[in-house]
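Structure record follows, encoded as structure tokens.
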Amino acid sequence: MYAFLRTPLSGKRLSILKIILLSPVFLFSVLAACGWGEKEKSRPNFLIIMSDNQSWNHLGAYGDPVVRTPHIDEVAQSGVRFTHAFCSSPSCTPARAALLTGQEIYRLGEGANLWGTLPLEFKTYPDLLEEAGYRVGYEGKGWGPGNVEASGRKRNPGGDFYKSFASFLAGNKTEGKKPWTYWFSSKHPHRPYQVGSGTRAGIDSSAIRVPSYLPDVAATKGDIGDYYAAIQYFDQETGRLLEELKKSGEFENTVIIICSDNGWQMPRGLANLYDFGTRVPLIISWAGLVRSGRTVEDIISLNDVAPTLLELAGVPVPVSYTARSLVPLLSAPQSGRLDKTRNFTVMARERHAFVRQHGLGYPGRAIRTHDFLFIRNMEPDRWPAGDPPLFGDVDAHMLHYAAPTKLYMLEHRDDPKVAPLFHMAFDKRPAEELYDLRNDPDQTVNLAQDSRYRKTKNSLNRQLTAYLKKTNDPRMTGEDLIWDKATYYEPRDFTPRPSEQARKALHLKEVYDYRK
């Protein structure tokens with residue numbers, strides 16, 4: 001077979017061959033011919049295991065030498081590890097909405113905002129799989145945070161809620177055997193962490209590498225250690241899910257997907273278009289399709305999960321999708337960069353939280369290639385991290401629970417070693433940012449005004465504009481911009497109350513009102 005694939009082909013014959021070979025129908029036929037049983041020939045199940053606010057590189061499988069994630073690492077060894085996976089937005093609600101609908105966030109109306117709603121007109125992949133005969137369930141956060149009822153939906157866009165994977169699997173036996181999709185949406189490693197939990201979990205904080213955009217001090221290392229402890233708990237949750245799956249006898253016919261929704265809750269992380277807010281782990285394993293131990297370096301979007309599941313289930317992919325199926329990458333035998341057209345991704349943000357006067361957001365668009373990140377900040381006169389002094393878009397929302405790294409940076413903002421990091425994280429930013437990832441992986445040196453990079457910036461700017469127009473971004477097409485005016489469904493955020501520790505350390509007043 002491999003010898004045949006190596007035979008030179010060109011033109012129309014090659015295109016037809018690719019279509020045939022990458023078709024799930026063809027793949028299933030090959031598996032059947034190789035002696036697979038009836039169960040393996042049936043449509044696969046899907047188990048999506050998602051962490052909450054975890055950056056891509058904080059797993060053993062991604063080379064982190066400190067955090068211990070044996071269960072996730074085992075799945076990576078049996079499947080495909082994607083090294084350049086990005087969410088559509090560095091914010092929970094829109095990132096999850098984009099995953100569910102296979103579309104960019106700016107196409108989803110109020111679905112582009114945190115604590116918004118996902119309009120009923122946008123069908124999710126669980127809806128489509130259910131119509132095709134699948135049982136659909138989720139556990140934990142699912143889509144959110146937001147208001148389900150305001151959209152006219154009768155349930156979370158993620159499907160029917162279950163208290164546990166075991167109860168979902170048990171229901172499948174009593175309701176008649178069907179293929180299924182289940183989304184386990186963990187609350188870890190979302191803040192708040194238990195301060196000191198990293199030490200109690202045996203994490204050696206002295207071995208932790210602090211990225212150059214954060215202060216390399218004990219407070220930061222301890223904070224990261226506590227974050228690692230939460231990731232290790234997520235790994236334990238993953239282990240329990242895999243054990244239940246194996247007990248059910250469905251393991252061999254289940255596609256396992258492990259990912260996060262967006263990056264970690266640190267300054268320049270969550271709610272930022274830098275890698276630390278948008279780059280996520282993505283691991284996919286299935287004995288029926290995926291050769292074990294592979295690494296794919298193509299740039300892909302978390303949105304690509306929806307068309308992938310639909311294709312594997314034999315369900316037509318809606319024409320409205322801007323995402324593309326990962327099946328060709330999953331079925332390929334080799335590692336590395338496989339598809340030359342997967343050389344960039346576009347990300348966006350609108351209102352992450354109610355952290356500026358009158359509920360204004362901080363809109364931005366970005367394009368990420370293997371070598372560069374270009375960001376367009378569309379309202380540079382606004383505070384990117386939220387209005388001072390709370391800077392609520394960064395780290396712990398509105399300082400209402402422990403946030404050691406953020407608090408340290410705010411307390412020591414005048415320290416010469418901390419001041420540059422404080423300004424990068426909290427100060428206003430220019431309309432354009434450009435980072436050379438080959439020389440600056442931590443994205444700390446903005447080259448947008450460097451004449452040596454003018455050609456690169458202009459090229460990326462044109463490419464970004466073309467994609468936004470092609471995909472009907474209202475900020476490009478002149479349509480009404482609703483996001484700053486859209487309802488925000490968490491009224492507690494209108495009048496935040498910082499923690500006592502934060503108030504004393506920063507001399508803050510007790511109550512702020514962001515509606516005025």
Side-chain angles (χ1 to χ4, degrees), residues 46-55 58 72 87-101 105 108 110-118 122 124-127 136-151 153-168 181-194 227 230-238 240-241 256-265 269-271 277-278 280-282 302-303 305-306 309 349 351-354 393 395-397 400-401 488-490 492-493:
F46 305 112
L47 174 60
I48 297 91
I49 306 173
M50 175 181 280
S51 59
D52 196 341
N53 296 349
Q54 179 185 351
S55 288
H58 299 141
I72 296 172
C87 59
S88 184
S89 182
S91 177
C92 296
T93 313
R96 292 163 184 256
L99 166 74
L100 288 165
T101 61
I105 68 162
L108 301 178
E110 293 185 31
N113 280 352
L114 186 79
W115 278 108
T117 191
L118 182 59
F122 301 107
T124 66
Y125 77 76
D127 294 334
V136 300
Y138 83 97
E139 176 183 347
K141 190 173 185 176
W143 170 87
N147 189 311
V148 173
E149 292 75 17
S151 68
R153 298 176 188 272
K154 296 181 180 179
R155 67 180 186 188
N156 188 287
D160 295 324
F161 175 76
Y162 287 82
K163 292 183 178 180
S164 71
F165 187 38
S167 64
F168 174 80
T181 179
Y182 191 79
W183 180 13
F184 176 83
S185 181
S186 176
K187 66 179 181 179
H188 300 291
H190 196 292
R191 289 184 186 272
Y193 316 134
Q194 293 183 354
Y227 160 78
I231 292 175
Q232 291 184 174
Y233 190 84
F234 170 64
D235 182 73
Q236 294 171 21
E237 292 176 321
T238 299
R240 290 192 287 270
L241 290 165
I256 300 169
I257 300 175
I258 299 177
C259 63
S260 178
D261 58 348
N262 45 244
W264 66 342
Q265 279 178 286
L270 179 70
T278 60
V280 294
L282 178 62
L302 210 59
N303 303 2
V305 168
L309 303 192
R349 64 161 292 183
R351 184 173 66 193
H352 173 66
F354 209 94
D393 260 359
D395 200 54
H397 182 59
H400 66 241
Y401 45 67
Y488 186 85
Y489 289 99
E490 180 44 273
R492 291 181 301 174
D493 292 344

Is the backbone N or O of [Y] less than 3.5 Å from a side-chain atom of [X], with the two atoms forming a donor-acceptor pair by type?
{"X": "Glu139", "Y": "Phe165", "answer": "yes"}
{"X": "Ser260", "Y": "Val280", "answer": "no"}
{"X": "Thr124", "Y": "Pro157", "answer": "yes"}
{"X": "Ser185", "Y": "Gly140", "answer": "no"}

Check: Does CD belonging to Glu490 count more than 12 external heavy atoms closer than 6.0 Å?
Finding: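 Yes, the 6.0 Å shell around CD holds more than 12 heavy atoms from other groups.
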Considering non-hydrogen atoms only, spot the tightest contact between [X] and [Y] and give its length.
{"X": "Ser91", "Y": "His352", "result": "OG-ND1, 2.9 Å"}
{"X": "Pro94", "Y": "Ser89", "result": "CG-OG, 3.8 Å"}
{"X": "Leu282", "Y": "Ile257", "result": "CD1-CG2, 3.7 Å"}
{"X": "Ser151", "Y": "Leu118", "result": "CB-O, 3.0 Å"}
{"X": "Phe168", "Y": "Val136", "result": "CE1-C, 4.0 Å"}
{"X": "Pro145", "Y": "Thr93", "result": "O-OG1, 2.7 Å"}

Would you mind reporting whether [Y] and [X] have side-chain heavy atoms less than 4.5 Å apart?
{"X": "Gln265", "Y": "His190", "value": "yes"}
{"X": "Trp143", "Y": "Lys141", "value": "no"}
{"X": "Asn53", "Y": "Asn262", "value": "yes"}
{"X": "Glu237", "Y": "Ile49", "value": "no"}
{"X": "Thr181", "Y": "Ile48", "value": "yes"}
{"X": "Leu100", "Y": "Tyr125", "value": "yes"}
{"X": "Ile72", "Y": "Phe234", "value": "yes"}
{"X": "Asp52", "Y": "Cys92", "value": "yes"}

Arg155 to Tyr162, cation-pi by 6.0 Å centre distance and 45° axis angle: no
Under the criterion side chain to side chain contact (heavy atoms under 4.5 Å, CB included), I'd like the reasoning laid out for Tyr227 against Trp264: C-alpha separation, chi angles, the key distance, then a yes or no. CA-CA 9 Å; Tyr227 160 78; Trp264 66 342; 3.4 Å; yes
- Message: Measuring centre to centre across the rings, with the benzene-like ring taken for any Trp, is Tyr138 within less than 6.0 Å of Tyr182?
- Response: no
_Thr238 and Asp235: side chain donor to acceptor below 3.5 Å_ = no
One should read off an interatomic distance between Phe46 CZ and Leu309 CG, to the nearest 0.5 angstrom, of 5.0 Å
- Task: Rounded to the nearest 0.5 Å, what's the gap from CG on Leu108 to OG1 on Thr117? Could you check?
- Result: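 If we round to the nearest 0.5 Å, Leu108:CG and Thr117:OG1 are 11.5 Å apart.
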Subject >> Arg349 and its side-chain hydrogen bond (donor to acceptor under 3.5 Å, both in side chains) partner, picked from Asn113, Thr278, Asp393 >> reply: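 In the set Asn113, Thr278, Asp393, the residue that makes a side-chain hydrogen bond (donor to acceptor under 3.5 Å, both in side chains) with Arg349 is Asp393.
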